[in-house]
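Just below is one structure, and these are the notes that go with it.
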Amino acid sequence: MLLWIITMTVRTRVAPSPTGDPHVGTAYIALFNLCFARQQGGSFILRVEDTDQKRSSKDSEQQIFDSLRWLGLEWDEGPDIGGEYGPYRQSERTQIYQRHVQELVRAGHAFHCFATAQELDEMRREQMSRGETPKYDGRGLALAADEVERRIAAGEPHVIRMKVPEEGVCHFEDMLRGPIEIPWSQVDMQVLLKADGMPTYHLANVVDDHLMEISHVIRGEEWINSAPKHQLLYKYFDWEMPQLCHMPLLRNPDKSKLSKRKNPTSINFYRAMGYMPEALINYLGRMGWSMPDEEEKFELDEMIAHFDIGNVHLGGPVFDTEKLDWLNGRWIRENLDEHAFGERVVEWAFNQDKLRQIIPLVQGRVEKFSDLAPMTAYLLSGMPDIDECSFEQGKLDQDISRKVLQYASWRLEDVSEWNTDVLYQALNELAKAMELKLKDMLLPLFIAITGKTSAPPLFDSMVVLGPYLVRARIRNGLEKVGTPSKKQLKKLEKEYRTLDLTVS
RNA sequence: GACCCCAUAGUUCAGUGGUCCAGAACUUCGGAUUUUCAGUCCGACAACAUCGGUUCGAAUCCGAUUGGGGUUACCA
């Protein structure tokens, strides 16, 4: 018995999908997984869930590595450092999933489905019109075995779905919430293997967690309703299910799930704004948790030492930067001596890379070195000091300014690369589609981004500032001209979609 | 809509049946210190969502209601 306890090592994981910016929510979940594992003397694993071929990118993956490391969250095993349970990238494990899903098919726990997306849409529409809850109707199950074989042999595209009980209730245990019950009637016959041969989250997750010997799955609350599917898969495979623990979701100030449309969610934003990683981690650690003595300021090691997952508070915490600002101030004042302060500032603002970008922008424009500071202040600041009056200059009225800022913010979400050419192309196209002269359209953007009416070229400035700061400043500008009401927003979105824009 | 989760000040937490007319931090507002600002110190405002039950006793346990959130995809 004793031996069994000793060999039962705790293994936790964070499993981000490399689609888009590295999210503070990822860091949040990583932090709690890491604290739990370290506190228990276990291991913390990073696994990349890149099964969505359309949206995953290597660049995004690298950014996740970089930003988590920047925060000081180090993993014991992962795609970049290896480990005994690799590979740690799901796209490199497709054979494993195929094998396992075939096993389920053979055992009669999963089945082939040839329905197209359109067919399923139609099915759901019909169900809804009848006032039913949209749900897969089991049409794939009705197919005869020889027909299935024939259609597979004919190369018809298909997916593999899991069978789900029609009646009864699924019971499972959450470490923080206790027993949870979900009727099986609420659970859909989930796709396990997509038509492209890649697994869905549910399959990959269960297979990997088992094979990687994950002992505790600490993840966001959004997964609670998927737990029955996972439990069922463990049962089908005859595997022991890890302990489940669902953390509360980080929220926007309006209490909805933290989203980049309403808030800066990229770790890179906080880095670009000049927060210390220690402070961000400290702040994240205070979301739903506190030190036993209620001390506000603590470092990662202290958090690990005192961590108790049972003390996680389940109310969804609002990620509100006021306290983060205060904490960051304390970290800067109390934890950096003058030398360290200098080093951090140089790293943040005056590193070679950044200087190389800034110098060509200003050298031709200064008459004296003393012109430099006022000229570049906006490149080394957070949000510019503007109000609604700032947008009254120029030919555009406030309604147009609002529209330009809103459209630009949407347009810039789709930009693949962040350089002057791409930015020019994206915004020039937008101006044409809006039937505005580029120069006129750029003015509100210029004001929102630089806070001034004259500054070094906008696209170059945007490159120096980086996407995170630029997006935040556009949102800031939008707030200052007056964010569109929900109704207006809908109308704008509809109009925006009719514009003839390419994805760059 | 259905299902699931959650509920202490504006925000983040403490509180796990009596020591709670609820404790701290941020924010805001006063005051002190400082040439100014920042900081620091002192102080003030401010909450157990509602209703019912269990109990000698409930912020704490149970139920209902209300409110918020999530899920409802060949996205994770």
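Values in this document were obtained by computation on a predicted structure and should not be read as measured data. The chains referred to below are lettered A, B, ... by the order of the sequence lines, with proteins before strands, and numbering in each begins at 1.
Here A/F44 and A/F36 keep their ring centres 6.0 angstrom or further from each other. Ring centroid separation for the pair A/W223 and A/Y201 comes in under the 6.0 Å cut-off. A/F307 has its ring centre less than 6.0 Å from the ring centre of A/W289.
Residue A/T51 places at least one side-chain N or O under 4.0 Å from the OP1 or OP2 atom of B/rA76. Within the structure, every side-chain polar atom (N or O) of A/R286 is placed at least 4.0 Å from both OP1 and OP2 of B/rC26.
No donor-acceptor contact under 3.5 Å links the side chain of A/D325 to the base of B/rU27.
Nearest to the side-chain atoms of A/N311 among the listed nucleotides B/rA73, B/rG15, B/rG70 stands B/rG15. With distances taken from any side-chain atom of A/E222 to the nucleotides B/rC74, B/rG70, B/rA14, the minimum falls on B/rG70. Among the nucleotides B/rA76, B/rG70, B/rU27, the one closest to any side-chain atom of A/W223 is B/rA76.
Under a cutoff of 6.0 Å and an axis angle of 45°, A/R13 and A/Y85 do not form a cation-pi pair.
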Pairs counted only when both distances fall under 3.5 Å, Watson-Crick or G-U: show me the 5' to 3' dot-bracket for RNA chain B, [ ] for pseudoknotted crossings and | for other-strand partners.
(((((((..((((....[....)))).((((((.....))))))....(((((..]....))))))))))))....
Give me the distances for all protein-to-nucleotides 4-11 of chain B N/O pairs that come in under 3.5 Å?
from	atom 1	to	atom 2	distance (Å)
B/rC5	O3'	A/R177	NH1	3.4
B/rC5	O2'	A/R177	NH1	2.2
B/rC5	O2'	A/E221	OE2	2.8
B/rU11	OP1	A/K255	NZ	3.3

